[in-house]
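Got a structure here, written out as C-alpha cells. Questions coming.
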Protein chains: 2
Amino acid sequence: MRYGRRHLRRGYGMGHGWWQGRFRGCGYRITVPREEILSVLSNTSEHLSAEEIYMKVHKTYPGLGLTTVYRTLELLEEMGIVIRIDAGDGRARYELAEGPKGRRHHHHLICAKCGKVIDYTDFIEDEKELISKTESGLSKKYKFKILNHEITFYGLCDACK
Amino acid sequence: MRYGRRHLRRGYGMGHGWWQGRFRGCGYRITVPREEILSVLSNTSEHLSAEEIYMKVHKTYPGLGLTTVYRTLELLEEMGIVIRIDAGDGRARYELAEGPKGRRHHHHLICAKCGKVIDYTDFIEDEKELISKTESGLSKKYKFKILNHEITFYGLCDACK
DNA sequence: TTATTATTGAAAATCATTTTCATTATTGAA
DNA sequence: TTCAATAATGAAAATGATTTTCAATAATAA
Ligand SMILES: [Mn+2]
Ligand SMILES: [Mn+2]
Ligand SMILES: [Zn+2]
Ligand SMILES: [Zn+2]
C-alpha cells in the first residue's frame, strides 16, 4: 500500500486543514486518503455519493479503495463533519456539514425524477421561529431529545418537468 | 398458487374497500395479496417495513411471497396510497398516505438510535403558513415544481436517551 | 365457461454497503 | 532518526434489502 504523499497538493497551508485538529483530538490519524476525501468534499457544491467521491479522488490518487471512502464518510458523519442525505435513489449522498468551515444551515429540494439535490437557504429566518417553537413543544410532549431537523421539498426540477 | 379466498375476513363490507375503485380505474386487478397488505396497513399505526408487513400477513395468509409485498408497496406508492419513509436504517418503512381513508397530514420524529418513528400533527397550522410561503418562493426561484414536503426531527426517543 | 393476460411466488440476480484479514502507514517514544 | 505499537488501508468476500426472471395461476371480460 503506497501512499505517495510527495506530490499531492493540499489547501490550508501544507497539510494543516481545519479538520486536522479535530482528528488529533479524537485520536484519529491524519492520512492521505482522508485528506483527499475531505479535499473533494471541500471543493464541490454538489451532493456526491460514495462512488462519485471515489472516482474523483481516484484521478489524482488511484491507490484509494472504495472501502476506505465508505469508512471515512462514516467516520466524518459520526464526527459531525459531513451530513448524509438520502435522495430516495438507493444510495447515500454526502456534503460538508454547516459550521465555520462548512456550509451554512440550509435545506433541500429533491427532484423525484433525476435525483438532483438543490440547496436553499431562503426563508431560514421564518423557519427558525417555527422550528424552535415546534421543537420545544415536541420534545416535551413526546419526551424526545431533538438533535436536528430536516425540511425537504420533493418535486420536479426545471429539466425534468 | 392457492389463493384460498374463502375464510379471509375483510373490513369495508365484504371485499369492497375504499381503494378497490381506484384499482379498477387504473386497470389493476383486485387480489387477495393486495387486500391483505392493505388490510395490515389500515389496521396499524406503526411504520412497517416490507418484511414486517410480510410477516403480519403471513399469519393469516401463509401463501404470500415477500416479492409480492415489495411489488404491491411499489404500486401503492406510485398510486399515492402509501408513503415510503426512510428512517436511516437501510430499510424502507410504509404507512397509509393522508386522505379521506388514510391518516391526516403529519410529520415525523425519528429516533437516531432505535429507529422508532413517531407521528406528530402539532403546529400544523403554523407550518402551513411557512410551507406555502416557502413553496411559492422556491418554485419560482429554482423553477422547481414542488409536489410535497417533509419535515423530520431526528433525535433520541424517551427509551433511548 | 373460456380466453386473455395481469399477478404471483420461488429462485436467482443486483447493488450499495459492510466485514474480514493480511499488509502498510502513522505516531509517539526512545 | 529509529522503532514498536497499532490505527488505517485495500482487496476480496459477505451481507442484506430490493429487483428481476420466468413458469404457473388467478382475475376479468366476453
Ligand atoms: Mn445541501
Ligand atoms: Mn407517519
Ligand atoms: Zn430532475
Ligand atoms: Zn429510540
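First the proteins, then the strands, lettered A, B, ... as listed; each starts at 1. Predicted model, so just to flag it, every value in this text is computed and none were measured. Heavy atoms only: backbone and side chains are in, while hydrogens, waters and symmetry mates are out.
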- Query: When the ring planes of B:F23 and B:W19 are compared, do they come out parallel, tilted or perpendicular, using 30° and 60° as the limits?
  - Reply: perpendicular
Whole-Å distance, A:E36 CD to D:dA8 C1', equals 16 Å
Given the options A:E46, A:E52, A:E77, A:R93 meets salt bridge (charged side-chain N to carboxylate O under 4.0 Å, His left out) only with A:E52
Is it true that A:E125 and A:K128 make a salt bridge, defined as a side-chain N closer than 4.0 Å to a carboxylate O? yes
Going by chain and number, the hydrophobic cluster around A:I110 (ILVMFWY, side chain to side chain under 4.5 Å) further includes A:V117, A:Y154
When rounded to the nearest 0.5 Å, the distance separating NZ of A:K56 from CD1 of A:I37 is 14.0 Å
The single option from A:K116, A:H108, A:R84 that satisfies side-chain hydrogen bond (donor to acceptor under 3.5 Å, both in side chains) with A:H47 is A:H108
Among the nucleotides C:dT27, C:dT8, D:dA8, whichever has the atom closest to the side chain of B:T72 is C:dT8
Rounded to whole Å, the CZ-P distance (B:F23 to C:dA6) equals 15 Å
Taken to the nearest 0.5 Å, the spacing of B:H106 NE2 from B:T121 OG1 works out to 9.0 Å
Sorted by chain and residue number, the ring-ring contact (aromatic ring centres under 6.0 Å, His included) partners of B:H105 (sequence neighbours excluded) come out as B:H107, B:H149
From CZ of B:R34 across to P of C:dA6 the rounded distance in Å is 11 Å
Margin query: Below the 4.0 Å mark, does D:dA27 have OP1 or OP2 next to a side-chain nitrogen or oxygen of B:R24?
Written below: no
When rounded to whole Å, the OH to C1' distance for the pair B:Y28 and D:dA26 reads 18 Å
Item checked: A:L76 and A:L41: CA distance, side-chain angles, deciding distance, side-chain contact (heavy atoms from CB on, under 4.5 Å) verdict -> CA-CA 11 Å; A:L76 293 173; A:L41 287 169; 4.3 Å; yes
One should report the stems of DNA chain C, each a stretch of at least three consecutive Watson-Crick or G-U pairs at distances under 3.5 Å, as C:1-30 with D:1-30
Rounded to whole Å, the CD-C1' distance (B:Q20 to D:dT28) equals 14 Å
From the candidates C:dT8, D:dA27, D:dA8, the one with an atom nearest any side-chain atom of B:V32 is D:dA27
Per-nt protein contacts along nucleotides 16-21 of chain C (heavy atom under 4.0 Å; B base, S backbone sugar-phosphate only, - none) come out as SBBBB-
Taken to the nearest 0.5 Å, the spacing of B:L75 CG from B:C26 SG works out to 8.0 Å
Pairwise N/O distances under 3.5 Å, protein to nucleotides 3-6 of chain D:
{"residue": "D:dT6", "atom": "O2", "partner": "A:R29", "partner atom": "NH1", "Å": "3.3"}
{"residue": "D:dT6", "atom": "O2", "partner": "A:R29", "partner atom": "NH2", "Å": "3.3"}

Taken to the nearest whole Å, OH/A:Y61 to P/C:dT24 is 13 Å
B:M55 atom CE is separated from D:dA17 atom P, nearest whole Å, by 11 Å
Here the distance between atom P of D:dT18 and atom CG of A:D86, to the nearest Å, is 11 Å
Grouping ILVMFWY residues whenever side-chain heavy atoms fall under 4.5 Å, the cluster of A:L138 otherwise contains A:L109, A:I118, A:Y120, A:I131, A:Y142, A:F144, A:I146, A:I151, A:F153, B:L109, B:I118, B:Y120, B:I131, B:L138, B:Y142, B:F144, B:I146, B:I151, B:F153
